[in-house]
Amino acid sequence: MRPEPPVDRFKLRRRPPSERWIDSGFRSLTILLASTVAIVLVGIFLVVFQGAQDAIKAFGLTFLTTSSWNPVTGEYGAFTAIYGTLVSSLLALLIAVPLGVGTAIFITENLIPTRWRDIIGVMVELLAAIPSVVLGLWAIFVMEPILRPFLNFLHASLGWFPLFSTTPKGPGMAPAILILVVMILPIITAISRDALNQVPTALRQGAYGVGSTRWIAIFNVILPAAISAIIGGVMLALGRAMGETMAVTMIIGNSTNFSWSLLAPGNTISAMLANQFGESSGIQVSALLYAALILMLLTFTVNILAQWIVKKLSLRY
Amino acid sequence: MTMTMPRKTPAITNQSCLSLEKVTISYGSFEAVRDVYLEIPRGKVTAFIGPSGCGKSTVLRGLNRMNDLIEGCTLKGRVIFDGQDIYAPEVDPVEVRRRIGMVFQQPNPFPKSIYENIAFGARINGFTGDMDELVESSLRKAFIWDETKDKLKESGNSLSGGQQQRLCIARAIAIEPEVILMDEPCSALDPISTLKIEELMHELKKTFSIVIVTHNMQQAVRVSDQTAFFNAEAVEGGTGKVGYLVEFDETERIFNSPLQQATQDYVTGRFG
Amino acid sequence: MTTLTPAIKHSSLCLNPSLRRNRLDRLFTTIAGGFSLIAVLPLFLVLIYVILQGGRLISINLFTQLPPAPGLDGGGIGNALIGTFVVTLVASLIAIPVGVGGGIFLAEYSKSGPFAQFIRLGNDILAGVPSIICGVFVYGAIVATRVFFGQSYTAAAGGMALAILMLPTVIKTTDEGLRLVPKALSMGAIGVGASKFVTITRITLPSAFTPIATGVVLGIARAAGETAPLIFTALFSPFWPEGVFNPIATMSVLIYNFAIMPFDAQNELAWAASFVLVVLILGANLLARWLRRFASM
């Protein structure tokens with residue numbers, strides 16, 4: 001039989017109420033803090049939606065298709081900015097995807113010694129850390145002057161084509177697209193690298209085991225296995241490109257006049273917000289918030305799509 | 001084989017320390033173990049044996065409400081400890097665990113020093129005495145003082161697997177619980193460490209009531225006074241097997257003259 | 001004389017570089033290598049120019065003087081340097097407690113409940129909200145309503161905008177970091193009668209310190225370089241900081257403002273500020289990298 005201990009030396013064997021209050025209080029606190037996310041998200045939507053009301057009433061859906069932006073007459077249409085947002089981000093994607101996926105393959109598929117792979121990986125990650133505004137500064141003073149002769153050449157030889165129909169005069173859509181490439185390249189590379197690293201070794205060995213050359217294995221077995229995660233990453237990068245503000249604002253030229261040409265100054269929704277929001281009033285603020293609402297819906301859709309694609313992948317492995 | 005109600009256990013005359021009344025534990029809608037009646041005696045070692053998936057570990061974790069941490073796990077019935085149903089709504093599960101300690105299958109020392117591993121539990125239980133003395137006596141009781149006395153400041157993770165498990169036992173006995181639950185404490189250990197822990201259990205039962213889940217029948221014979229045999233069987237309309245208590249008696253009788261055929265088959269290795 | 005001739009004529013096992021498949025292999029490898037080169041080229045070009053253009057301007061005056069009036073020479077970025085620290089500090093003071101708390105809820109209290117799933121989704125959406133929209137939100141909610149003592153543009157508002165930007169990173173790294181802690185560890189604490197609060201604060205959270213710290217440092221580094229949320233919340237100021245309830249200069253906004261000015265002195269200060277900012281941010285990134293390495297040992 002167990003002898004009862006004469007005195008219990010553990011005075012908290014019975015929990016005092018204070019300890020219980022701390023326990024349940026802490027739980028409630030974390031719930032409250034987690035809810036902040038939802039509150040902020042709803043708050044962002046409400047502030048933007050509320051502010052956009054006047055413009056929505058005044059311009060309706062024609063706001064999306066007209067390109068006049070005239071504070072004097074009070075007429076606003078966001079077509080130039082919407083076109084600029086979509087074209088700049090999609091063209092940037094077109095350039096960045098092959099570069100990013102190619103780099104990811106180069107640093108995951110045992111083509112070069114591990115040391116070099118790590119170094120390239122680290123450098124691409126550090127590129128992602130460079131602030132947008134510094135890239136903008138660099139674009140203005142370094143990239144654009146270097147690029148100018150090349151753009152002039154494009155205009156001279158392909159000027160009949162609408163996309164190259166204007167004379168390059170400094171800031172414009174083309175340099176903005178290139179700086180966007182620099183900004184989304186690290187995202188695409190990083191996500192593709194993770195996706196390729198997650199491809200099971202057994203699958204790789206299987207491909208090499210039946211006598212595939214390296215690139216036959218990459219194209220036929222490894223890339224298909226990683227493709228949904230890579231597409232998810234590309235969608236995230238697209239969302240990033242559409243919302244990117246500073247570097248684009250500094251180099252795109254911020255023109256409210258519509259032009260098909262990539263060599264002409266253009267505009268994006270975020271650039272327009274950065275440029276005008278602080279100094280506007282009345283219906284112009286509302287028109288800007290209407291544009292912001294469109295930008296939010298665009299990035300929201302793209303991001304949800306990206307989540308959905310990535311989730312599909314996690315079910316497969 | 002039929003689902004018979006386990007017989008009452010008149011052989012047990014000792015005062016019981018934990019009693020289970022019609023306990024059914026489910027994960028979501030899946031019943032893991034059904035209608036268990038059990039009287040766990042005080043001051044003895046009680047072993048739970050049975051094939052995999054029979055719910056013996058689930059029942060063990062139900063004894064100090066560790067199942068609360070598993071999402072969707074619910075218990076019906078009553079578990080009486082110290083005259084109180086520990087599943088009553090007003091009961092604080094944390095207090096239950098301060099009186100019913102637990103040792104887990106995998107050694108899980110905290111990433112702290114050996115000293116702090118022992119002192120942590122004592123401190124949160126409001127220990128009022130001399131901490132150095134408590135640490136030493138707990139480590140001594142767990143037969144690990146000699147190996148650790150010169151490196152109390154070192155991390156608990158620096159010990160071998162068997163030593164870590166004895167440290168975890170020392171951690172459990174430091175808070176002087178009334179019952180210690182052991183969930184296959186030797187399954188991750190080598191034979192020599194296993195032997196040490198079995199010796200340790202013989203010492204510990206002088207002070208504590210012990211309930212141990214084991215896969216190893218020889219171990220049950222060596223260490224326990226009472227043995228409960230659980231089995232699982234498919235039920236109509238169910239998705240998986242449901243565990244139930246077949247027989248509970250003195251260890252010696254379970255292994256030599258069990259009343260149920262299923263027990264006989266299991267302990268003689270003719271099971272399956 | 002009998003020679004054993006194999007039934008099928010096998011080619012030699014030596015590598016034949018002129019085979020079509022081997023030529024294609026080399027071609028693709030070269031292309032991928034070329035792409036990698038292009039991918040790392042911008043980092044070099046940016047760093048070289050930032051070092052050449054900005055590094056040469058580093059002097060004591062740069063850190064101790066105010067920016068010059070337009071058209072004048074000299075001056076420094078002292079106020080912007082302090083401002084960046086102030087605004088980032090405000091952001092961290094908000095985002096770290098809120099984010100770590102929210103992450104604890106997700107990882108420890110409700111792993112798969114509907115509310116937690118909703119918060120996780122919301123967090124992913126918030127992470128995708130363009131930073132300029134964060135600025136617009138804080139402008140609408142705080143600057144335009146003048147909630148801070150009737151002040152419109154304030155350092156506090158800028159800090160809050162950056163905090164919204166940091167929050168998703170902190171929540172995600174806390175959530176993931178805590179879930180990496182072995183369940184057995186918290187079981188051990190609960191088994192000796194520790195309450196949930198004690199288990200989390202004394203066992204689980206310290207075990208997850210390194211991944212959380214890494215994520216937080218990266219989040220801070222990103223916030224310190226952000227401009228878009230600040231241009232109409234913290235605004236800018238040509239003067240020394242006057243507390244958190246006044247407009248404040250930051251290095252990122254200074255770079256933006258001064259880059260598009262037609263004055264050499266301002267352009268130079270933009271380069272100098274870029275140099276300082278890049279050094280700070282890359283330093284923080286290397287710190288995070290070191291933390292991670294330190295943890296894996």
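Any value given below was found using the heavy atoms of this structure, including those in side chains, with hydrogens, waters and symmetry copies removed. Worth saying up front: this structure is predicted, and the values here are computed from it rather than measured. Letters go in sequence order (proteins before strands), and every chain restarts at 1.
- Summarising the local packing, CZ of C:F85 is surrounded by 12 or fewer heavy atoms from other residues, nucleotides or ligands at distances under 6.0 Å.
- Within 6.0 Å of CZ in C:F63 there are more than 12 heavy atoms belonging to other residues, nucleotides or ligands.
- Side chain of B:R98 to main chain of C:G193: a donor-acceptor pair is present (N/O by atom type, distance under 3.5 Å, no hydrogens or angles).
- Note: C:K183 NZ to B:I70 CD1 = 6.5 Å, rounded to the nearest 0.5 Å.
- Ranked by non-hydrogen atom pairs under 4.5 Å with chain C, the options B:N64, B:V94, B:V96 are led by B:V94.
- Heavy atoms of B:P109 lying under 4.5 Å from chain C belong exclusively to its backbone.
- Taking every heavy atom of both residues into account, C:L185 and B:F110 meet most closely at O-CE2, 3.6 Å.
- Only the side chain of B:R123 comes within less than 4.5 Å of a heavy atom in chain C; its backbone stays farther off.
- When heavy atoms are compared at a cutoff of 4.5 Å, B:E71 approaches chain C solely by way of its side chain, counted from C-beta outward.
- Closest of all the heavy-atom pairs between C:I203 and B:K112 is CD1-CE, 3.6 Å.
- Here the closest non-hydrogen pair linking B:I175 and C:V192 is CD1-O, 3.5 Å.
- Other residues, nucleotides and ligands contribute more than 12 heavy atoms inside 6.0 Å of the NZ atom of B:K149.
- Here the shortest heavy-atom pairing between B:F104 and C:M187 reads CZ-O, 3.3 Å.
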